[in-house]
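Numbers restart at 1 for each chain; the letters A, B, ... are given by sequence-line order, proteins then strands.
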There are 2 protein chains.
Amino acid sequence: MTSLDDVAKAAGVSAATVSRALSGRGNVSKATRAKILEVAAELDYVASSAASSLASGRMRNLGVIMPELHRWFFNTVLTGISAEATRAGYDVTLYNVTADPEVRQEIFTAFLRRRRVDAVIVVALELSDWEELELARLGIPVVIIGGSSGTLPGVSMDDAAVTELATAHLLELGHEVVGFIGGAEQFDADYKVPSQRRAGFDRALRDRHIASEPALIGEADFTIPGGFHAARQLLGTPGTGMTGLVAASDEMAIGAILAARELGIRVPEDLSVVGVDGHELGALFELTTVDQHAQNQGATAAKLILATVESDGTHPKSLQRSFDLLVRRSTARVPRESSA
Amino acid sequence: MTSLDDVAKAAGVSAATVSRALSGRGNVSKATRAKILEVAAELDYVASSAASSLASGRMRNLGVIMPELHRWFFNTVLTGISAEATRAGYDVTLYNVTADPEVRQEIFTAFLRRRRVDAVIVVALELSDWEELELARLGIPVVIIGGSSGTLPGVSMDDAAVTELATAHLLELGHEVVGFIGGAEQFDADYKVPSQRRAGFDRALRDRHIASEPALIGEADFTIPGGFHAARQLLGTPGTGMTGLVAASDEMAIGAILAARELGIRVPEDLSVVGVDGHELGALFELTTVDQHAQNQGATAAKLILATVESDGTHPKSLQRSFDLLVRRSTARVPRESSA
DNA sequence: CTCCATACTGGAAGCGCTTGCACTCAGGAT
DNA sequence: ATCCTGAGTGCAAGCGCTTCCAGTATGGAG
């Protein structure tokens, strides 16, 4: 492996100058820099990250903590982060916090404290006080996506407003009996998004003075099968007169559409379904949804935190992400005689 | 931040001894080690990875190169790798090679050459000669998953055997007109799995002396929408008499089932559909498939390569993964009068 | 024609660990 | 009793960069 010194010797300058030329910090004359760049390329020189990190304290590495990778939101956000990090020359180190509490704790103590990353992005994890403290103790910028924290900045959406918008869409179409599929009471106890989304649904109903009907509320785990089963039960309940259904995630909405099809309920003629996410499968099911631009959320968080790292190191600011209602064919005006 | 020296002083020993006690390399008396461990815990000491890496040449970091994260296979393999790496105390650095050739090249030159990882797992990427060379030049163990290489070891499946098994299953059920949905000729030009899977299908037919019918071959990109569109075209073609359909991935198989439903074709009464993967959504669609234990593939690759890293550093051996036919309700014996 | 700020450059001191080497000290073999 | 072996420990030399500092040259200001 060629080292800095090899380059310095070959270029006839000191190691210090090579370092400056390659990193862009400090002054180097144009001619010298050109010469060094040429020699470095010739020798295929790439600086050792360990040496560079040790000397400078900079890692050029971004940590990402996520609870899982299967659900669309997570891998989409991760894709966004990764693209942005790569563009900036940063590596991405993935910490997959599993359900195992020991693993989770290990991540926060052993792994993160090795000082391997310059910054951390936490995705959709509700942090315990202890965890926030550990994170703060790292002394590096932290940004939260799709979760909330009293003390840490985040790139987030108003998760209540999102379902409120979805619900309002249905109400405006004339639906009066609207159901909801969201997180189970105990689903992801440590993740507030489900309850927020539920709150938005409730709010929309309340604003129109419509009573929330417990029989119209289903619980699922945000996946397609989860939505399928919850919807089948909801739709199988006779006499509800439900003509609209809001799902707190697109995956559940898709599950609901599948359930409706199985039961011979036409979407949107008999039932309007709206989801939340902007899942790529939505197009296939012509699903009306509230797009939360997940990939963008990841990219934005990465950009935000990398800017912080590269500049002073003050704490990044929180950012509110926008979202848009994307109307497709799974929602329609309520039929004249509304009887499900 | 507390350093090794702090611990050494507090424990009344030399830094060398602390290092040995904490890393487990070299001899330290039981009493001394206990004392050091106690002090280290007390001081919340965690070694700086940069310093440790620089001095030892070990990174405790595993690189993973993937072309994408959305498709089920990828995030499932990654989950398996991550779990295993975490267990072993290794970080996972993710390199998401996008379609952009510049980014791809950048990963192989700039990123990987910083010597940040002890080993690399390449997932479902057909490497160019140049890339294999670059990888070899890194001088670290490399393992391929779901791709092939003449020179690099891998954890792989016989991708032809898999579809052969799926196809044989259909043939054994009495189906004689069997269609296939696989990769487009130019889909992932640099990824051989699609053509292998096609080859397995062809082989199964040939073994039974059944001619392969071009009209029964569909092309898609391994996703649900892709499978949907390909299947709709295949199924929409009148007079083929097709009663069985093999999809080269579960996602395409699911798309095909959706297409069949839309066209009023019953599965499995009118059409048997079999996929390949073991996708978690398969259960919902009662999809018969060939389970390739993807998460296991990831875990196995990680275990394999970490063992190599921890021991001598000789090259890891290739491993052939097993796969199992998982019969569910999407396949059935061919109806008496076979006419689609 | 001086003087001084500025642009470049090199020397050298680390960054915080790991590890080869030398040393001491028991305990077992002779 | 002597020698040898090996466990246990400390010293010190790095690992390959970064960056502070000091030194030299250069150009414009006075």
Considering every strand and a 4.0 Å limit on heavy-atom distances, what is the contact class for [X]: base, sugar-phosphate, or nothing?
X: B/Arg25; result: sugar-phosphate
X: B/Arg58; result: sugar-phosphate
X: A/Thr32; result: sugar-phosphate
X: A/Ser19; result: base

Polar side-chain atom of A/Asn296 near backbone of A/His293 as donor-acceptor pair, under 3.5 Å: no
Backbone N/O of B/Gln105 and side chain of B/Thr109: donor-acceptor pair under 3.5 Å: yes
Give the rounded distance in Å between these two atoms: [atom1] of [X] and [atom2] of [N].
X: B/Lys9; N: C/dG16; atom1: NZ; atom2: P; answer: 12 Å
X: A/Leu54; N: C/dC15; atom1: CG; atom2: P; answer: 9 Å
X: A/Arg116; N: C/dC17; atom1: CZ; atom2: C1'; answer: 14 Å
X: A/Asp6; N: D/dC17; atom1: CG; atom2: P; answer: 8 Å
X: A/Tyr45; N: D/dT18; atom1: OH; atom2: C1'; answer: 11 Å
X: B/Arg33; N: D/dG8; atom1: CZ; atom2: C1'; answer: 11 Å
X: A/Met59; N: C/dC15; atom1: CE; atom2: P; answer: 14 Å
X: A/Asn27; N: D/dT24; atom1: CG; atom2: C1'; answer: 15 Å

Quick one: which of [options] gets closest to the side chain of [X]?
X: A/Ser29; options: C/dT9, D/dG10, C/dG11; value: C/dT9
X: B/Ala47; options: D/dG10, C/dC17, D/dG8; value: C/dC17
X: B/Arg20; options: D/dT18, D/dC17, D/dT9; value: D/dT9
X: B/Ala16; options: D/dC11, D/dC20, D/dT18; value: D/dC11

[N], OP1 or OP2 - any side-chain N/O from [X] closer than 4.0 Å?
X: A/Ser48; N: D/dC15; result: no
X: B/Ser14; N: D/dG10; result: yes
X: B/Thr17; N: D/dT9; result: no
X: A/Ser52; N: D/dT18; result: yes

Residues, nucleotides or ligands: over 12 heavy atoms within 6.0 Å of B/Glu42 CD: no
NZ or CZ of B/Arg114 within 45° of B/Phe111 ring axis and under 6.0 Å: yes
Closest-nucleotide ordering on DNA chain D, the 5'-leading residue of B/Ala55 and B/Val28: B/Val28
Sidechain N-carboxylate O distance under 4.0 Å for B/Arg321, B/Asp158: no
Cationic N near anionic O, under 4.0 Å, A/Arg116 to B/Asp91: yes
